[in-house]
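Have a look at the structure below before the remarks.
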Amino acid sequence: MPELPEVETTVNGIRPFAEGRTVAGVIVRQRQLRWPVSRGLSQKLSGKVIQSVRRRAKYIMFEFERGTLLIHLGMSGRLRVVPSTTPIEKHDHVDLLLDDGHCVRFRDPRRFGSVIWVSGDPLMSPYLYHLGPEPLVDDFDGHYLYTKARGRRAAVKNFIMDGRIVVGVGNIYASEALFRSGIRPTRAAGRIALERYDLLVTAIQSVLGEAIAAGGTTLRDYSRVTGEPGYFEQALKVYERQGQPCEACGDLIKRKVIGQRASYYCPSCQH
DNA sequence: CCGGCCACCTGCGGGC
DNA sequence: TGCCCGCAGGTGGCCG
């Protein structure tokens with residue numbers, strides 16, 4: 001899926017088309033996503049103005065006066081703004097029709113995504129309330145991670161991918177950030193010094209920030225709102241590079257499954 | 001509370 | 001050509 005940079009890129013791409021526009025209708029062709037798509041969306045949203053399009057973790061929030069449409073892209077989801085007359089393709093599950101003839105179209109082959117209506121404060125909803133801090137804000141720092149890691153024996157890669165600890169660090173960028181900070185992904189979270197957590201946070205923020213600036217990583221079925229690819233893939237130093245030489249030391253990149261997810265690291269640079 | 005594992009679903013590439 | 005296997009960006013839930 002889209003990791004956080006892809007979600008951020010999507011939000012920024014959709015915002016100018018959607019903010020301030022009135023919804024003309026909602027078409028749901030497939031309700032069976034990760035959770036069933038909320039019922040009565042068209043009746044609920046028709047005639048209502050999209051106040052803002054924002055992001056919290058990997059959720060895209062279309063905020064209305066009386067509630068919020070939460071869209072999660074799962075592993076293979078994609079949102080694009082297209083003319084409403086654009087022919088439907090396979091896996092185009094939901095259209096949010098706008099009053100200017102465009103629609104926000106949700107496609108998701110694997111159907112791990114979700115389209116959910118929440119009334120009231122979305123941050124208090126069961127979808128968002130338990131989530132940890134955003135990775136790109138000030139209160140996420142080395143000291144925070146270090147404190148949270150006390151007594152934790154889980155691999156640091158799983159630790160930083162746990163949304164209750166910090167949101168938005170997905171499988172690609174977890175490996176990349178650990179490489180940048182010289183930390184082996186299998187290391188127990190509770191056995192990493194504060195100074196190294198400072199490095200890790202800096203690495204998480206720089207890798208995510210650079211990926212956002214580059215328009216996201218393009219992998220398999222992801223592409224940008226307007227269709228053109230992201231350009232960060234070439235900047236990946238370890239992800240899916242097993243057997244290739246590390247750019248820093250020349251040793252061969254390893255692949256190891258951690259927490260049932262493929263993980264990549266340089267055995268010489270990361271400890 | 002924590003950690004490990006499973007599930008959800010479709011598509012694609014490689015091996016035979 | 002076709003089948004089968006393993007693999008893929010997420011994350012809630014269950015169990016010990």
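What you are looking at is a predicted structure, and each value in this text was computed from that prediction instead of being measured. Quick note on labels: first sequence line is chain A, next is B, and so on, each numbered from 1.
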d(CD, A:Glu240; P, C:dC7) in whole Å: 12 Å
Give me the first and last nucleotide of DNA chain B, going 5' to 3', that has any atom under 4.0 Å from a heavy atom of chain A. B:dC2 to B:dG11
Is it true that the side chains of A:His143 and A:Asp141 contain a donor and an acceptor less than 3.5 Å apart? no
Hey, which of these two, A:Lys90 or A:Gln260, hits DNA chain B nearer its 5' end, going by closest nucleotide? A:Gln260
Parallel under 30°, tilted from 30 to 60°, perpendicular over 60°: which one fits the rings of A:His93 and A:Phe106? tilted
Nearest-Å distance, CE (A:Met75) to C1' (C:dG6)? 13 Å
Hey, does A:Arg153 reach any base, or is it just sugar-phosphate, or nothing, if we go heavy atoms under 4.0 Å? sugar-phosphate
Using only atom types and a distance under 3.5 Å, with no angle test, would you say the side chain of A:Glu19 pairs donor to acceptor with the backbone of A:Val53? yes
In whole Å, I'd like the distance from the OH atom of A:Tyr59 to the C1' atom of C:dT11. 8 Å
Would you indicate whether the side-chain heavy atoms of A:Leu194 and A:Leu145 approach each other to under 4.5 Å? no
Using whole Å, what does the distance between atom P of nucleotide C:dG10 and atom CG of A:Leu70 come to? 18 Å
Describe the nucleic acid contact of A:Arg34 in one word from base, sugar-phosphate, nothing, applying a heavy-atom distance below 4.0 Å. base
Classify the angle between the aromatic ring planes of A:Tyr59 and A:His72 as parallel (below 30°), tilted (30 to 60°) or perpendicular (above 60°). perpendicular
Separation of C:dT11 C1' from A:His130 NE2 (nearest whole Å): 8 Å
Can you measure A:Arg56 atom CZ to C:dT11 atom P for me and round it to whole angstrom units? 12 Å
Under a 3.5 Å cut-off for both contacts, is B:dC9 paired Watson-Crick or G-U wobble with anything, and if yes, with which nucleotide? none
Rounded to the Å, how far apart are A:Arg78 CZ and C:dA8 P? 21 Å
A:Arg261 CZ - C:dA8 C1' separation (whole Å): 9 Å
May I ask you to check if A:Arg15 and A:Phe17 form a cation-pi contact, with NZ or CZ under 6.0 angstrom from the six-membered ring centre and within 45° of the axis? no
Would you give the length of the straight line joining atom NE2 of A:His91 to atom CD of A:Glu89, rounded to the nearest 0.5 angstrom? 10.5 Å
Could you tell me whether A:Arg255 contacts a base, only the sugar-phosphate backbone, or nothing, with contacts defined as non-hydrogen atoms closer than 4.0 Å? sugar-phosphate
